> 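This is the structure, below, for whatever I ask next.
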Amino acid sequence: SAFCTSSTSFVRPISSACGCRPTLVWSGFSGYTAGADGLLLSDVPFEEKEEFAPLCRRYGLDMISLISPTSEDRIEKIASEAEGFVYIISSLGVTGMRSEIQTDLGAIVAKIRENTDIPCAIGFGISTPEQACKMAKAADGVIVGSAIVKQIGQHGRDSAPVIADFVRAMKQAVLTT
């Protein structure tokens, strides 16, 4: 995933996201992460990250931490040990586009900022420039995934220009905050 910041400069930490099983069984880990800055293992709880931390250090990767709306009592610990950036999950449920996001993300970001100065990026369900703009006002960056996957599903091999237009619109929305 990559995220766009609301500052005038465009920051692109590139992180590879996957489940822990492919990471454990795939022998070409260094090739998989070539050029990446971090690794986000979406199915590894923070409390189990030490199992993967040596692998990340070996390849010079930040292990990206996730904070969800249910992390309440764990935010301080997760944020204080976070690397690269903190991925804030915008809402509960499965990944995918949402018509609106109702979580009090400002309170989550404030609690994170009390414990670290690394960037916070909000993702999970962001699918419109309006949502991206709103999230960029609350955090340092916005992460978009499912909306891009949907474009690929709809347009197949012809999706590149559609995705380019979509990403430009999202970037513009974020930069105008």
Side-chain angles (χ1 to χ4, degrees), residues 1-71 73-90 94-95 105 108-126 132 135-136 138-149 151-152 159-160 163-164 166-168 170-171 174-175 177:
S1 59
F3 73 90
C4 178
T5 66
S6 55
S7 69
T8 54
S9 63
F10 184 67
V11 178
R12 248 185 20 168
I14 303 298
S15 299
S16 182
C18 69
C20 73
R21 174 160 273 170
T23 304
L24 288 173
V25 301
W26 194 53
S27 62
F29 186 79
S30 64
Y32 178 71
T33 60
D37 299 305
L39 180 66
L40 186 150
L41 295 173
S42 58
D43 57 349
V44 175
F46 174 79
E47 293 76 12
E48 296 175 22
K49 75 176 189 150
E50 285 310 310
E51 187 173 339
F52 298 92
L55 189 62
C56 286
R57 281 192 290 277
R58 181 170 159 199
Y59 291 102
L61 300 171
D62 291 326
M63 185 145 181
I64 308 304
S65 296
L66 295 148
I67 292 180
S68 76
T70 61
S71 296
D73 299 333
R74 300 163 57 231
I75 291 175
E76 183 177 329
K77 181 163 181 58
I78 295 169
S80 66
E81 295 181 26
E83 303 172 352
F85 68 93
V86 175
Y87 186 133
I88 302 170
I89 299 170
S90 69
V94 296
T95 189
L105 296 166
I108 294 172
V109 171
K111 184 129 185 167
I112 292 168
R113 292 196 196 289
E114 290 173 10
N115 294 282
T116 188
D117 60 354
I118 66 171
C120 299
I122 300 173
F124 208 79
I126 299 166
M135 297 303 113
D140 302 304
V142 175
I143 300 167
V144 178
S146 294
I148 293 172
V149 171
Q151 296 290 333
I152 293 168
S159 61
I163 293 169
F166 177 74
V167 170
R168 264 189 228 95
M170 295 296 256
K171 179 181 174 183
V174 168
L175 293 176
T177 59

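Because the structure is predicted, anything quoted here is derived from the model rather than measured.
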> With rounding to the nearest 0.5 Å, note down the distance linking CD1 in I148 to CD1 in I163.
6.5 Å
> Any idea which heavy atoms bring A79 and T116 closest together, and the distance?
O-CB, 3.4 Å
> For residues V142 and A121, report the shortest heavy-atom separation together with the two atoms involved.
N-CB, 4.4 Å
> Nearest 0.5 angstrom please: I122 CD1 to L105 CG, how far?
4.5 Å
> Closest approach of S65 and A82, non-hydrogen atoms and distance?
OG-CA, 4.0 Å
> Do L39 and F52 have side chains that get closer than 4.5 Å, going by heavy atoms?
no
> At their closest point, which heavy atom of G84 faces which heavy atom of P119, and how far apart are they?
O-CD, 3.5 Å
> What is the distance from atom CZ of R57 to atom CD of E83, rounded to the nearest 0.5 Å?
7.5 Å
> Identify the heavy atoms of S68 and I108 that sit nearest to each other, and give their distance.
O-CD1, 4.5 Å
> Between CG of L55 and CG of L61, what distance do you get to the nearest 0.5 Å?
8.0 Å
> Roughly how far apart are I78 CD1 and K49 NZ, rounded to 0.5 Å?
9.5 Å
> Nearest 0.5 angstrom please: D140 CG to F85 CZ, how far?
11.0 Å
> Does any non-hydrogen side-chain atom of I126 lie less than 4.5 Å from one of I143?
no
> More than 12 heavy atoms of other residues, nucleotides or ligands under 6.0 Å from CD of Q151: is that the case?
yes
> Indicate the atoms forming the closest heavy-atom contact of M63 with A53, along with that distance.
SD-N, 4.2 Å
